[in-house]
Amino acid sequence: MASSDTGPGGPPSPEPGLPPAVLRSWDEAEARLFPLVMAQPELYQQALGAIQQLLGLLRETCRDLPALLAAHERSGDLLEGSGVPAVPGVRPGLIAAAACATRYRELVAELAAAARLAALARAREQGLSWAVVEESGQADRAPYVPYQRVEAEVGSGRAVIVSIGPDETLSRAVYRLDAGQIDAASGALRIGDPLGSYLDPDECTAALRRTQATPGSA
């Protein structure tokens, strides 16, 4: 499926990540804590409170991914001297990992928002009306690998989210358009109403062009 003008330099490059093993360890920690919701709800609330307290400290001390990775390497020692009380029956390392996982998601969202604003600024300098401000996956590998991109109107920030995924039989690609809006100050992306789903990529492209040509349609 053809894309709108990708803007200066094309779509933004992928954001830097952390080692997969670290991300897996955080996922596993959250998975171990979740069963407490049903089995021991009071204990879960205590653990959640400790996670939120530690998260507050991580927000102050971990302003980027390298700092967060360094904090992760301290594991359970993060709680020592932090003023966050230990939770009986829950390993400190699980509390630390869950807090790191939440902070990681926040940082990734902040990086993505900053990249959107930078892409809009570059497009504005070149006098473009629309630009691709975010892209993940590869369109030529969809639907086996999910694909998504965000195209935004430079002046207003209104956006169209273009995604490709499998249909219910997992045998055909479905091309989907959703409305969106990029906040001019923060770069945050708000996803709005569905605009349409298509089995034909050319029909999706035509619908995308119509949406972009209609003021306020997204």
Side-chain angles (χ1 to χ4, degrees), residues 6-31 33-34 47-73 78 84 94-124 130-139 142 145-154 156-165 176-195 218:
T6 59
S13 59
E15 300 296 349
L18 294 180
V22 172
L23 299 180
R24 283 195 301 270
S25 72
W26 292 347
D27 289 341
E28 291 168 1
E30 292 183 311
L33 287 169
F34 184 74
L48 187 60
I51 291 168
Q52 289 300 315
Q53 289 184 58
L54 185 56
L55 175 60
L57 295 175
L58 292 177
R59 286 172 177 152
E60 296 177 2
T61 59
C62 300
R63 301 299 180 91
D64 54 31
L65 294 178
L68 183 61
L69 181 58
H72 158 78
E73 292 172 351
L78 275 174
V84 178
L94 290 181
I95 300 294
C100 286
T102 302
R103 182 57 182 149
Y104 172 74
R105 288 189 287 268
E106 291 178 346
L107 286 171
V108 168
E110 291 170 8
L111 288 168
R116 294 183 200 112
L117 291 180
L120 286 174
R122 291 193 300 269
R124 192 175 299 112
W130 283 79
V132 172
V133 298
E134 184 176 315
E135 188 170 25
S136 62
Q138 295 176 272
V145 176
Y147 171 79
Q148 179 176 289
R149 76 175 182 273
V150 179
E151 304 198 15
E153 187 174 40
V154 176
S156 68
R158 72 181 178 105
V160 180
I161 298 107
V162 183
S163 58
I164 311 174
R176 179 184 174 94
L177 301 179
D178 292 278
Q181 179 69 41
I182 296 176
D183 184 89
S186 68
L189 172 65
R190 177 181 59 81
I191 299 176
D193 296 330
L195 298 176

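For the pair Gln181 and Arg158, the tightest heavy-atom approach, listed with the atom from each and the gap, is OE1-CA, 3.3 Å. Minimum heavy-atom separation, Leu189 to Ala159: CD1-CB, 4.4 Å. Nearest approach of Ala67 to Cys62, heavy atoms of both residues: O-SG, 3.6 Å. Scanning both residues, Gln53 and Val84, for their nearest heavy atoms gives CB-CG2, 3.8 Å. Shortest non-hydrogen contact noted between Ala139 and Tyr147 is N-CD1, 3.3 Å. In terms of heavy atoms, Ala99 sits closest to Leu55 at O-CD1, 3.9 Å.
Just one residue in the list Ile161, Val162, Val133 forms a side chain to side chain contact (heavy atoms under 4.5 Å, CB included) with Arg149, and that residue is Val162. If you run salt bridge (charged side-chain N to carboxylate O under 4.0 Å, His left out) between Glu110 and each of Arg59, Arg103, Arg105, only Arg103 comes through.
Remark: Leu117 CG to Ser186 OG distance equals 7.0 Å, nearest 0.5 Å. Considering CG of Asp64 and CG of Leu69, their distance stands at 10.5 Å, rounded to 0.5 Å. Going from atom CD1 of Ile95 over to atom CG of Leu48 covers 9.0 Å, rounded to the nearest 0.5 Å. Atom NE2 of His72 sits about 12.5 Å away from atom CG of Leu58, to the nearest 0.5 Å. Between the CG atom of Leu107 and the OG1 atom of Thr102 there is a distance of 11.0 Å, given to the nearest 0.5 Å. For the atom pair CD of Glu151 and CD1 of Ile182, the computed distance is 11.0 Å after rounding to the nearest 0.5 Å.
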Test side-chain contact (heavy atoms from CB on, under 4.5 Å) applied to Val132 and Val150, step by step: CA-CA 6 Å; Val132 172; Val150 179; over 6 Å; no
Stepwise side-chain contact (heavy atoms from CB on, under 4.5 Å) test for Leu78 and Cys100: CA-CA 10 Å; Leu78 275 174; Cys100 286; 4.1 Å; yes
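Looking at heavy atoms from C-beta onward, Leu195 lies out of side-chain contact with Asp178 at the 4.5 angstrom threshold. Side-chain contact between Trp130 and Val160 is present, with at least one heavy-atom pair separated by less than 4.5 Å.
Summarising the local packing, CZ of Arg63 is surrounded by 12 or fewer heavy atoms from other residues, nucleotides or ligands at distances under 6.0 Å.
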